[in-house]
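Order of the sequence lines fixes the chain letters, A, B, ..., with proteins taken first and strands second; residue numbering starts at 1 for each chain.
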Amino acid sequence: MEPAAFSPLDRYLSLLNEEQLAAVKHEGSPLLILAGAGSGKTRVITTKIAYLIAEKNVAPYSILAVTFTKKAAKEMAERAVLMDSRAAQSVIRTFHSFGAWFLRRFAEDAGVDPNFTVYDDDDMATLVGKAVPSLSRQEASHAAHKISLAKDYCLAPDSPDLITIESNPDFPQIYAEYEKRLRVTGNVDFGDLIMLPVLVLQRNEEIRRQMHYRFKVIMVDEYQDSNVAQFKLLQALSGVEENTGTYVCVVGDDDQSIYKFRGAEVQNILTFQNHFPGTQLIRLEQNYRSTARILAAADSVVRNNEDRLGKTLRAVRGKGGEPVLVFLPTQDDETAFCADLIEKAHAKGCPYKDWAILYRTNAQSLGFETEFLHRKIPYTVVGSLKFYDREEIKDMLAFAALTANPRDEIAFRRIVNKPTKGIGGKSQDMVVLYSQTTPTLDGAPVGLVQACRECAKQLSKKAATGVMEFAAIMDELTACVAAEKSGDTLSSFIEKIANRTGLLEYHSAQDEVSGTQRAGNIQELINSAVLYPCTRQGLLDFLDSIELDRTIENPDQEDTDSVTLITLHNTKGLEFPRVVITGLEEGIFPRQDKSSEELEEERRLFYVGITRAQDELYITACTVRRLYGRTEYMQPSRFLAEAGKGIFKVLGNVPSAYGYAVGDSGSSLGAGGFGTGSIGAQTDPLAKKYKKGTRIYHDDYGYGYVVATGSRSGEFVITVQFENGSAKQFLPKYQGHSLMIEDEM
DNA sequence: CCCGTCGTTATTTTT
DNA sequence: TAACGACGGG
């Protein structure tokens, strides 16, 4: 590729298709770009930024572009700058990082400390527990979760609508107590990063004007994932109700909205045109990623949804091979089938990294891990353990956070006694209480480090020595970043934390006994700070970058050749040449009995999974699955039948519950030999045991009669009508142990 | 303070 | 089934 930095804009425009070009050049009204999977939306946004700067004389700094993930923001910024270097002055950030920027700037108006750090879910739960001590740990974390959700919907503690989030009548008070406690620390949680700016903008006309003056163009990517608070932020920033003339452009795909449980509101995109009058809608329907038959499968699934704006992807690539749907007897056959596929392809030269195994729940990765380990197939599990959630890292960062903000109660409690200095919970309570009830001259609470020193005489001898030692450590750390212009990087500060506090030693000792690599992780954290100066501001920037991006940056993951094991949710934005979507069974995917709205979201999740595949797509479903220690008979996912006939090439023993017969009954699996569990039904001796009319007792369902027998996937299956009214199907072969026949009792 | 045992509980998780 | 948290003994 030749250097692009000085290429004329025209060259970039020439790369666009007709719809993309229209989206880039559109002006004069709000714009909603419905961008299907793989339709090149990032290219459109970045080109649009460059176009506005180069052709429309829009000042770069007056362009605001927000996304949801740091990865996406980074990519967008890089690509925009590549097209026009002036884009470096544009504000291209995640929603949350924009919120943090805003809040530091207007900290006083928002009632927070400009040096705030961001509390994560864990910290929230701890703080709820401290604010309302009567709550159990579990209740506290449940309440914390609901508080997050409330903030996603922009609901304050006194909002009557809280009842829609949590029916517990005590909840508003818990929320209020938590808020009180949080404001004392001066810190914020993730929800605040969006909600507080909204509140500031809503009640302060001057600040609102300032923002309107600053930002003339606002673009939002992945708009289908926005929550109510983010919608309100967009509303306030753009001043759409005040006719500021700010140009608003949102890009998203309603069919890929899969985060409702976290507050994402599909209605934002579905009703965008109502809130932004005169909106023009442009659909990007040309798909550059997948072959046509894969797209047909995706469409056949998602068109069963009612609540969507509707679009049809057109494949730019060829027709491609048929997606394959495989019915397997058990989950062990499923893992074996996947391993066979991968091994066979690998023997023909296909790298492991071309493959991704997708599943609905993390727990499903286990079977694949075991099998792959056994067969020596290299794999990488995405999203399980997060770097910044590790204990040693949280400890390190707590010291850093407390240095930045000495009122950070959560950080203080986390590390004041780590490694142990004889400062128990009671001593901690005393210091915290003293800090919160002893205002300094300017009315702010006295810092916790200072409180340590002032409380020492009231504590036990052991604790007093401990807090003085702790205060001395904190003083040294504070001094370390106080010098405004030392040549050092922040690494030296982080390193000082590791050594001076004893954390490195403490965690190294842990490594010895439990074979972990905490010391290595700490070293990695030290290395990652090298990009920041060893100053107070450097520290704040470092903490910001971490709080707002908690994903693992595994450097050697890129060039390693391994199969990806990943939840469907985590695949968004990714693509793989060969994809297997596993566990297409009722109760697993879609999960349990979902309301129709939730069912639509599950369907979108399936759609997201399918559209990850570039060349080959396999879908598996098992007849029997071990679930919570029980062996359950599974029905094929309703999504499979919904897809309709002719979409998949069907292999394996087709359950009758899947509404379509295999075209060619002799279809054996080319891969061969995975149908290990199948036996002929007619010769099954179990058929004699469980005849129609046999009286059965089941631990969970009580008494009932066998009302039907039959064969599914080559297995003998019975239907039992229980006296409690429910009817269930069982495979005696696997479930015989839980089916008692009355005669034998 | 650490370690073992028992009992409980089972989604998805950008920031 | 298995993993994790709570609790009690050494």
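- When each of A:Glu222 and A:Asn417 is assigned the nucleotide of DNA chain B with its nearest heavy atom, A:Asn417 is the one assigned upstream, toward the 5' end.
- Taking atom C1' on both nucleotides, B:dT11 is separated from C:dA6 by 24 Å, rounded to a whole Å.
- The cationic atom of A:Arg262 (NZ for Lys, CZ for Arg) lies less than 6.0 Å from the six-membered ring centre of A:Tyr259 and within 45° of the ring axis.
- Under 4.0 angstrom from either OP1 or OP2 of B:dT11 there lies no side-chain N or O belonging to A:Asn362.
- An OP1 or OP2 oxygen of B:dT13 is reached within less than 4.0 angstrom by a side-chain nitrogen or oxygen of A:Thr567.
- Between A:Lys260 and the choices A:Glu598, A:Glu597, A:Glu601, the salt bridge (Lys or Arg N to Asp or Glu O under 4.0 Å) rule is met once, by A:Glu597.
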| task | Go through A:Asn187 and A:Asp408 one step at a time and tell me if the side chain to side chain donor-acceptor pair (under 3.5 Å) criterion holds. | result | CA-CA 7 Å; A:Asn187 281 348; A:Asp408 190 331; 2.9 Å; yes
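- Rounding to whole angstrom units, OH of residue A:Tyr119 and C1' of B:dT15 are separated by 17 Å.
- Side chain A:Arg360 to base B:dT12: a donor-acceptor pair is found below 3.5 Å.
- Atom NE2 of A:His96 is separated from atom C1' of B:dT13 by 12 Å (rounded to the nearest Å).
- Atom CG in A:Asn570 sits roughly 10 Å away from atom P in B:dT15 (whole-Å rounding).
- The glycosidic torsion of B:dT12 lies more than 90° away from 0, placing the base in the anti range.
- The separation between A:Arg604 atom CZ and B:dT11 atom P is 21 Å, rounded to whole Å.
- In this structure, of B:dT12, C:dA3, B:dA10, it is C:dA3 that holds the atom nearest to the side chain of A:Leu366.
- Between the side-chain ring of A:Phe261 and the base of B:dT12, a stacking contact exists by the 5.5 Å and 30° definition.
- Under the side-chain contact (heavy atoms from CB on, under 4.5 Å) criterion, A:Arg79 pairs with A:Thr42, A:Arg43, A:Thr46, A:Glu75, not counting sequence neighbours.
- B:dA10 atom P lies 16 Å from atom CD of A:Glu632, rounded to whole Å.
- Summarising the geometry, the separation between CD on A:Glu585 and P on B:dT11 is reported as 16 Å, rounded to the nearest angstrom.
- Atom-to-atom, NZ of A:Lys260 to C1' of B:dT11 comes out at 16 Å; the value is rounded to the nearest Å.
- Nearest to the side-chain atoms of A:Thr361 among the listed nucleotides C:dA3, B:dT11, B:dT15 stands B:dT11.
- Annotation: of the two residues near DNA chain B, A:Ser226 and A:Tyr628, the 5′-most nearest-nucleotide partner is A:Tyr628.
- A cation-pi contact, defined as under 6.0 Å to the ring centre and within 45° of the axis, is absent between A:Arg603 and A:Phe639.
- For C:dG5 and B:dT12, the C1' atoms lie 22 Å apart once the distance is rounded to whole Å.
- Following rounding to the nearest Å, A:Gln331 (CD) and C:dT1 (P) show an atom-to-atom distance of 12 Å.
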